[in-house]
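Following: one structure in structure tokens, then a few remarks.
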Amino acid sequence: MYNSSRHFFLLEFHEPRILQNLIFSLILLTYIMTLSGNFLIIVLIWKSHNLHTPMYFFLVNLSFLEIWFTTSIAPRFLSILAFGSITVSFWSCLTQCYFYFFLGSVEFFVLTIMSFDRYIAICYPLHYTTLMNRGLCIQLALCSWVGGFLETVVPTILVSQLPFCGSNRINHFFCDVDQLLKLACADTKFIELLNLLISSVIIFVSLICIIVSYTKIITTISKIPSRGGRWRSFSTCVSHLILVSLFYGASLCMSLKSIKGTTMNFNKLATVLNTIVTPLLNPFIYTLRNNQVKNALRRLMGGKISNA
């Protein structure tokens with residue numbers, strides 16, 4: 001059977017209608033707040049010249065990324081809950097699968113770069129503006145997006161060449177590649193091994209880089225004589241650490257495939273956490289803990305009220 005004419009059926013929800021409506025309302029509200037909050041951060045940083053620094057440049061990249069990352073999952077999830085539209089064509093399925101893993105990979109890279117930025121800012125404060133110049137920031141951001149594209153495109157091409165027959169039901173609310181490979185009528189061990197290798201390298205290498213950066217950051221901070229100075233230095237890293245803990249924690253949960261009978265529950269929960277909850281928390285984490293962002297927001301809102 002040709003892949004281009006193949007259709008799949010995503011996970012169908014059999015819960016009572018009232019519960020589905022409640023889940024739909026929560027996901028829709030979360031999605032709207034995620035888009036609004038991250039878009040507000042982008043506009044706020046763009047409008048505030050005092051926020052035109054490397055840290056906020058990477059935050060703009062992260063917010064832009066979060067908008068598309070949650071969009072790769074939430075609209076399809078909402079259509080299933082609202083209309084029961086579980087049918088998806090092969091190419092639509094493959095496209096969703098690609099963008100989910102492409103954007104997820106970019107997020108690992110961006111979070112790693114943000115930890116490197118904090119490392120330079122705290123360990124080499126006198127050379128920060130020289131080292132983290134505009135050109136380097138743009139290069140690091142481009143490397144994140146290009147790296148995510150390159151590491152995802154080869155496995156996607158390989159999956160697109162697979163023949164599918166028999167069952168066409170995907171045990172997930174989006175086109176997860178692991179579930180898609182189970183429906184193939186061919187040996188998929190090479191693709192599975194390639195996916196495992198790529199994901200392991202991205203997750204663990206980026207995590208090691210973040211751990212090394214924060215080890216050196218903590219070592220430098222511990223040498224600051226005053227307690228207030230130590231806290232002021234570390235407070236610039238707290239928001240990033242919270243996001244890293246959420247994103248990597250959910251990703252590691254998805255790797256717990258050795259736990260039989262709970263693997264899919266872990267994957268579904270981790271998908272919701274990574275693509276719906278974490279993108280929502282991003283703007284709140286950075287605005288509620290950051291006086292510069294809060295002051296810029298007050299100035300922006302004050303200017304709009306004055307113009308009105």
Side-chain angles (χ1 to χ4, degrees), residues 41 44-45 48 50-63 65-66 104-141 143-144 147 200-253 255 270 273-274 277-297:
I41 283 184
L44 188 63
I45 293 174
S48 306
N50 64 312
L51 298 182
H52 291 182
T53 63
M55 182 176 75
Y56 294 107
F57 171 76
F58 295 126
L59 180 55
V60 166
N61 272 269
L62 183 62
S63 294
L65 172 65
E66 299 285 33
S105 300
V106 176
E107 182 146 358
F108 283 114
F109 295 140
V110 172
L111 290 174
T112 305
I113 290 172
M114 292 176 78
S115 70
F116 174 73
D117 172 71
R118 292 298 83 208
Y119 161 68
I120 298 295
I122 293 174
C123 298
Y124 302 97
L126 299 179
H127 304 285
Y128 178 67
T129 54
T130 304
L131 294 174
M132 297 300 294
N133 55 69
R134 182 181 178 85
L136 179 61
C137 292
I138 293 174
Q139 288 176 18
L140 290 173
C143 285
S144 297
S200 298
V201 169
I202 290 175
I203 294 174
F204 291 107
V205 171
S206 62
L207 185 58
I208 289 171
C209 291
I210 291 173
I211 291 173
V212 170
S213 295
Y214 275 103
T215 300
K216 293 186 177 182
I217 287 171
I218 292 171
T219 302
T220 301
I221 290 176
S222 64
K223 296 178 182 178
I224 298 175
S226 67
R227 184 176 180 180
R230 289 196 296 270
W231 171 245
R232 280 194 299 272
S233 298
F234 186 72
S235 63
T236 62
C237 305
V238 172
S239 299
H240 178 256
L241 277 174
I242 294 173
L243 282 181
V244 166
S245 300
L246 287 172
F247 193 74
Y248 278 86
S251 298
L252 290 174
C253 282
S255 301
L273 180 61
N274 265 9
V277 177
T278 302
L280 169 67
L281 295 177
N282 170 33
F284 292 101
I285 289 172
Y286 273 93
T287 54
L288 294 178
R289 297 193 56 87
N290 193 307
N291 289 327
Q292 281 185 304
V293 176
K294 287 190 286 187
N295 291 334
L297 181 60

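Residue numbers count from 1 along this sequence.
The two residues Leu62 and Met114 make their nearest non-hydrogen contact at CD2-SD, 4.0 Å. Closest approach of Met132 to Pro54, counting heavy atoms only: O-CG, 3.4 Å. Taking all atoms of both residues into account, the shortest heavy-atom contact from Tyr214 to Arg118 is OH-CG, 4.3 Å. Between Leu136 and Asn133, the closest heavy-atom pair is N-OD1, 2.9 Å.
Of the possible polar contacts, none joining the Ser63 side chain to the Val60 backbone as a donor-acceptor pair under 3.5 Å is found. Between the side chain of Asn61 and the backbone N or O of Phe57, at least one donor-acceptor pair lies under 3.5 Å. The backbone N or O of Ile45 sits nowhere less than 3.5 Å from a side-chain atom of Ser48 that would complete a donor-acceptor pair.
Residues Ser206 and Phe109 have side chains not in contact (no heavy-atom distance under 4.5 Å, counting atoms from C-beta outward). For the pair Asp117 and Leu140, the minimum side-chain heavy-atom distance is 4.5 Å or more. Counting heavy atoms from C-beta on, the side chains of Ile217 and Cys237 come closer than 4.5 Å.
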Determine, step by step, whether Ile208 and Val212 satisfy the side-chain contact (heavy atoms from CB on, under 4.5 Å) criterion, reporting the C-alpha distance in whole Å, the side-chain angles of both residues, the deciding distance to 0.1 Å, and the verdict. CA-CA 6 Å; Ile208 289 171; Val212 170; 4.2 Å; yes

Worked check of side-chain contact (heavy atoms from CB on, under 4.5 Å) between Asn282 and Leu243: CA-CA 7 Å; Asn282 170 33; Leu243 282 181; 3.7 Å; yes

List the steps, then state whether side-chain contact (heavy atoms from CB on, under 4.5 Å) holds for Ile122 with Lys216. CA-CA 9 Å; Ile122 293 174; Lys216 293 186 177 182; over 6 Å; no

For Ile210 and Leu241, run side-chain contact (heavy atoms from CB on, under 4.5 Å): C-alpha distance rounded to whole Å, both residues' side-chain angles, the deciding distance at 0.1 Å, then the answer. CA-CA 9 Å; Ile210 291 173; Leu241 277 174; 5.5 Å; no

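For the atom pair Ile242 CD1 and Leu281 CG, the distance stands at 9.0 Å (nearest 0.5 Å). Rounding to the nearest 0.5 angstrom, the gap separating the CG atom in Leu59 from the CD1 atom in Ile41 is 5.0 Å. Here the SG-CG distance, from Cys137 to Leu131, works out to 10.5 Å after rounding to the nearest 0.5 Å. Taken to the nearest 0.5 Å, the CD1 atom of Ile285 stands 11.0 Å off from the NE2 atom of His240. Considering OH of Tyr119 and CD1 of Ile113, their distance stands at 16.0 Å, rounded to 0.5 Å. Atom CG in Asn50 sits 8.0 Å away from atom OH in Tyr56 (nearest 0.5 Å).
Ring planes of Tyr248 and Phe108: perpendicular class, angle over 60° (limits at 30 and 60°).
Checking Thr219, Ile221, Thr220 one by one against Lys223, the side chain to side chain contact (heavy atoms under 4.5 Å, CB included) holds for a single residue, Thr219.
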